[in-house]
Amino acid sequence: MSLKASHRAMVPFVSVDNMMRLVHHIGIETFIADLAQAIEEDFAKWEQFDKTPRVGSHSDVGVIELMPTSDGVLYGFKYVNGHPKNMGEGLQTVTAFGVLSDVYSGYPKLFTEMTLLTALRTAAMSAVATKHLAAPGAHTMAMIGNGAQSEFQCLAVKAVCGVQTVRLYDIDPAATAKCARNLAGLGLNVVQCETPEEAIEGAQIITTATADKDMQTILTDNMVGAGVHINAIGGDCPGKTELHRDIVARASVFVEYPPQTRIEGEIQQMDPDHPVTELWQVITGQTKGRKSADEVTLFDGVGFAIEDFSALRYVHDRIKDTPYYIDLDLIADPDDPRDLFGMLKRAK
Ligand code: NAD
């Protein structure tokens, strides 16, 4: 028996290179729009999922988290970090990888990079929220925080919501210039702004994706006009928020999974029973999203495991019959399941 044949359960592995090839093969906007659809499908069967707030290991400089969930057929988890100080050291603030498994056998079906995939799915999630909550006809978005997530966020609202103009602002003008450069020629009207006030001028949608391990006030109450929709995605840890609490108090707040968002989201600033609406109920039509033209809607997005599950199952489906993965020898699987030791002995 060959060594190979004695442990032949191969697991498809999508490297960063292959993820980039897959995204370009599908098209960035199509990929994000497909992810938005996958997220909507999974949010529509919300009650079937095993749900738990993510398990975070916090340090003074960042957090390392595990994000598991299952729909009873598939199980997925993501390993992800959040280290705002990393950027200053030439490292990513957020990196990730993930696994999708078969619940029946417990065997992994996919092992993949998820740093790019997290940016894509976070953008798809904001687009889903924007589609369901922003004022009809919204065409301009202010993008505050022009780091790693920002271009994905801009393209997602273009692809899913028809946004035509993005107004960029970052405390670091080099980040804004990078974002504008990357978005050039992709069909968006891109405006670089020098202050957050300038960025929100004429915007019906405001997305904040800043990184700081602190309670920040990226937006103050007087900056948010009637009818605006906000995606606040940068506040996603205890002690890390982006909005003044008066905005949160005034807005209708929509969340992914309340037990997690109450710990990590903008609403950590509020009373523990501050009213929120779960986005899945809006997606299924059980609850209305925006109720009036004047209402300020806030998607207090922290990133929930089901979004990663959607992304994992989408990638698993899309790599079939493509060269965009390699088989990884990850699982010891002897022909005689009881003879694990024999497999090791024969390999000598
Ligand atoms: P990044 O470090 O690449 O970019 C953050 C940008 O914010 C930087 O360019 C920085 O200059 C800017 N910034 C910091 N303070 C600012 C301020 N006061 N005003 C304007 N700009 C400011 O980080 P990233 O990977 O783009 O992630 C952004 C945030 O989104 C992080 O906090 C991250 O944890 C969070 N995130 C959330 C989700 C989610 O699902 N909700 C997913 C991924 C990342």
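We count ligands from 1, going down the list as the structure has it; atoms in each ligand are counted the same way.
K240 counts as a contact of ligand 1, since one of its heavy atoms falls under 4.0 Å from the ligand. F304 does not count as a contact of ligand 1, since none of its heavy atoms falls under 4.0 Å from the ligand. Judged by the shortest distance from any of its heavy atoms, G301 lies inside the 4.0 Å radius around the atoms of ligand 1. Using a 4.0 Å cutoff on heavy atoms, E307 does not count as a contact of ligand 1. The shortest heavy-atom distance from D212 to ligand 1 is not under 4.0 Å.
Ligand 1 places these atoms under 4.0 Å from at least one heavy atom of T93: 1 (P), 2 (O), 23 (O).
For the side-chain contact (heavy atoms from CB on, under 4.5 Å) test with V191, the passing option among T165, T176, V166 is T165; the others fail.
Of the possible polar contacts, one joining the E256 side chain to the G303 backbone as a donor-acceptor pair under 3.5 Å is found. Under the 3.5 Å distance criterion, the side-chain polar atoms of T115 are matched with a main-chain donor or acceptor of A96.
Under the 6.0 Å cut-off for aromatic ring centres, W280 and F304 do not qualify, their centroids lying 6.0 Å or more apart.
Within the 4.0 Å heavy-atom criterion, the part of T122 lying near ligand 1 is the side chain and not the backbone. Neither the backbone nor the side chain of M143 has a heavy atom within less than 4.0 Å of ligand 1. At a heavy-atom distance under 4.0 Å, only side-chain atoms of I218, from C-beta outward, approach ligand 1. Under 4.0 Å from ligand 1, heavy atoms of T210 appear from its side chain as well as its backbone. By the criterion of a heavy-atom distance under 4.0 Å, both the backbone and the side chain of A148 are placed next to ligand 1. If you look at I233 next to ligand 1, the close heavy atoms, those under 4.0 Å, come from the backbone and the side chain alike.
With respect to the salt-bridge test (charged N to carboxylate O, under 4.0 angstrom), the residues E295 and K288 do not qualify.
Taking only non-hydrogen atoms, the option from M125, R121, Q149 nearest to atom 40 (O) of ligand 1 is R121.
For D172, no nitrogen or oxygen atom sits less than 3.5 Å from a nitrogen or oxygen atom of ligand 1, counting backbone and side chain alike.
Legend: residues meeting ring-ring contact (aromatic ring centres under 6.0 Å, His included) with F13, ordered by chain and number and at least two apart, are F111.
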